[in-house]
Number of protein chains: 2
Amino acid sequence: MLLDERKKRILEAVIEEYNATAEPVGSTKIATDYDLGFSPATIRNEMANLEELGYLEQPHVSAGRIPSSSGYRLYIDTIMKEKTLTAKEKQVIDEILKNDIIKFETLIKEASNIISRLTNYTSIAIGPQMDNCTVEEIKLVKLGQDRLMIVILADNGIIKESIIKYDGTLPEENIEIFNNYLNHKLKGMNFNQIYENINSYVEDELYNISTNIIPLVVELNNLLIDKNVEVYMDGTKNLLELPELKQENTLKNFLNIIETQDALKELLRSGYDGNINVYIGQENVFDDFKDFTIITYKQKINDKEIGTIGLIGPKRMDYKKVIPVIKYVGEALQEKIKGGGNFDDGNKGNNGDSGNNQEARDTSDE
Amino acid sequence: MLLDERKKRILEAVIEEYNATAEPVGSTKIATDYDLGFSPATIRNEMANLEELGYLEQPHVSAGRIPSSSGYRLYIDTIMKEKTLTAKEKQVIDEILKNDIIKFETLIKEASNIISRLTNYTSIAIGPQMDNCTVEEIKLVKLGQDRLMIVILADNGIIKESIIKYDGTLPEENIEIFNNYLNHKLKGMNFNQIYENINSYVEDELYNISTNIIPLVVELNNLLIDKNVEVYMDGTKNLLELPELKQENTLKNFLNIIETQDALKELLRSGYDGNINVYIGQENVFDDFKDFTIITYKQKINDKEIGTIGLIGPKRMDYKKVIPVIKYVGEALQEKIKGGGNFDDGNKGNNGDSGNNQEARDTSDE
DNA sequence: TCTTAGCACTCGAAAGTTTTAAGTGCTAAA
DNA sequence: TTTAGCACTTAAAACTTTCGAGTGCTAAGA
């Protein structure tokens, strides 16, 4: 259903007024403050129509209207004009992402932090999913008297490391042997594949050299699976201070979201990559999300998902501002990773998809 | 002021009843449920006395009594009998800490996680303070085509690492040179000392070999200071579900504590080490803490502070249970670190201070 | 035909009132 | 020294009233 211009202007006005006040918006307010050239009565009629079409809702008969999820959806997709970031904002973002640290977890945290600061909502981020990575290199590094650092470089550029201690009977030359052996055996192999069959690949043969290999193999194996992957969040307090969260129920839902994380993880892993994904309220199946909007930007390199950044906020959100922020940070991060990585296929540099201006979504109109 | 036995029993009963219900406790409740052998009227008189002495408080004249901070303090120090952990609980703790991972950050997170699960409060933990550490070893590890991992082993056994990329013009043999040079120059030196004067130690000389050393030196230097040290927390939702947190004000304070973290950091860094520290309500100067109790156990090795674990909960807390839990986990962790570290001074094993049964505190009676 | 002034109506929120019950402190008797 | 008895206090809950924002409908005007 395409709306005529007047309905669009009224929907826009209602959304912007509601965004500012968090109170249901009445016809008189629109008529006096938004200069549309119609009387409250006319606007009243149009608002009744917009409600019938499902774009507005009325909490009760003697209240004003609030935007519905589909109202917001329509607004985002076809009505609003995105603000452009100020030079200063861009500068802040560029500055923070412009350093030599190439540890993806650090980068994603930095990005997340900027997002919550620039938007005043709660930023969310998740690290790489290693399921389908392959091993590019393994390094064993002796540290001090009795510790061994295990480092795995994956084909998506992510580095995993852990430290074990051994009981002092692992001679330097054995480390060398293990190192070579592990690289020889595991290079190019899939993480999952190794994880499920590590013993058949490794243990028997190395056993002969030293039983001290066991904890090493165990820990190496642990590095291959993403147990306890956590969603990184910043600025939770921002949300908690919003009027929406004063409602006991909404607060409970929010706390559930941030503590359980399962649904959030799923959402962060799904969606299109290299583009903005916007999930408004009930567009998410999870009941806890019904009063929130989640915006994500998935990072990909060499066709491997390496993490997602984004934000969670109330449905009443300054989309005009927030979406460009996520876009800019997401693209900057993507550039940074591509430009800085110099990964095995030699595809260095950007591939020019940053002009893409269309929102992705994975739900249908309701 | 020493209390007679009857007052102690009544204070104990009030605290236990209040712990269970979070409601002000009346004289009749105590008389009927706690079998002290006195009528409500007698208990009423004693409660009035206890209030005068500052151990109980009355929200309003027609309500029962609640324990004050000094009431809790007295209870913890001289009245309650600590529960001993069940065999099962001990087993759970031992199991989780019994693995070959020697990365302190991981250990402290595991410990923190157990605490929140066993107590149903919010566990808190902070990693090592590196201020006065010295460098024991530096390793540069080449990864893939263009990345370099910098690893620093400190004299407290803590390992710091980061990854930088370089522009592909750093030949393998130079890495070796840098590695040796850095170890030669910096081994045994104090972190702070290096941080403040890194240029005078390093840059000039290495400059001649390659200007590519610069990002390496910058990042190495970053590793030496604890910027952005974060307090690790687990089970925040546990607290948010308590009736105390239903009060807007208390909720705000809690959110402030977990978001700002500054005060919490200070608290976690202070206190006695190798022993329990209990901070009840106003005993803390920070206003946000006034409705909470914080219990900490500071970890130390070779006279260096290497982190603190603990918990934050409401003043109304099952101290009899919680204190032994923190003690047990704290001691187990301490053992684990000492036993597993095999640090440079050869002081392997435990030094037998785990029988210590006395609570430390750093505030005076009020 | 479209717009709008006018007006009766609805209903939640705020303010005010009454009722209830938990718990106290004091007095006087055991 | 203890306790039964009782008047008193007060927060919380339940109920009632008032207020006002905003609506939808009707009929008149452009």
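B:T236 and A:E259 share a donor-acceptor pair across their side chains, judged by distance under 3.5 Å alone. A:K327 and A:N275 share no donor-acceptor pair across their side chains, judged by distance under 3.5 Å alone. Between the side chains of B:E57 and B:S68, no donor-acceptor pair is found at a separation under 3.5 Å. Residues B:E16 and B:Y75 have side chains that bring a donor and an acceptor to within less than 3.5 angstrom of each other. Counting only N and O atoms by type, the side chains of A:N113 and A:D234 include a donor and acceptor under 3.5 Å apart.
For A:E46 and C:dC2, the CD to P distance is 11 Å, given to the nearest whole Å. Rounded to an integer number of Å, the gap from B:I43 CD1 to D:dT3 P is 9 Å. Taking atom CE of residue B:M47 and atom C1' of nucleotide C:dG25, one finds them 13 Å apart after rounding to whole Å. Taking atom CD of residue B:Q58 and atom P of nucleotide D:dT10, one finds them 11 Å apart after rounding to whole Å. The interatomic distance linking A:Q247 (CD) with C:dA13 (C1') rounds to 14 Å, in whole Å. If you take CG of B:N49 and C1' of C:dT24, they are 14 Å apart, rounded to a whole angstrom. As a whole-Å value, the separation of A:I66 CD1 from D:dG22 P is 14 Å. Rounded to whole Å, atom P of D:dT23 lies 6 Å from atom CZ of A:R44.
Between B:K8 and B:D4, none of the side-chain N atoms (NZ, or NE/NH1/NH2) sits under 4.0 Å from a carboxylate O, so this pair counts as no salt bridge.
Taking the ring axis of A:Y34 as reference, the NZ or CZ atom of A:R9 does not stay both within 45° of it and closer than 6.0 Å to the ring centre.
Comparing B:N45 and B:G64 by the nucleotide of DNA chain C whose heavy atom lies nearest to each, the residue mapping closer to the 5' end is B:G64. Where B:R6 and B:V61 each meet DNA chain D at their nearest nucleotide, the meeting point lying more 5' is that of B:R6.
Between the side chain of B:S62 and the base of D:dT10, a donor-acceptor pair under 3.5 Å is found.
For the contact set between residues 29-38 of chain B and DNA chain D, defined by any heavy atom under 4.0 Å, the members are B:F38. Contacts between residues 21-28 of chain A and DNA chain D, counted as heavy-atom distances below 4.0 Å, involve A:G26, A:S27.
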(request) Please lay out, stage by stage, how A:K7 and A:E46 fare under the test salt bridge (Lys or Arg N to Asp or Glu O under 4.0 Å). (result) CA-CA 7 Å; A:K7 286 198 179 62; A:E46 289 289 43; 3.4 Å; yes
(message) side chain to side chain contact (heavy atoms under 4.5 Å, CB included), that's the test. Do B:T119 and B:K321 meet it? Break it down for me.
(response) CA-CA 8 Å; B:T119 63; B:K321 167 75 184 292; 6.0 Å; no
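Nearest nucleotide to the A:A41 side chain, out of D:dA4, C:dG25, C:dT4: C:dT4.
Proximity of A:R65 to the phosphate of D:dT23: a side-chain N or O atom is located under 4.0 Å from OP1 or OP2.
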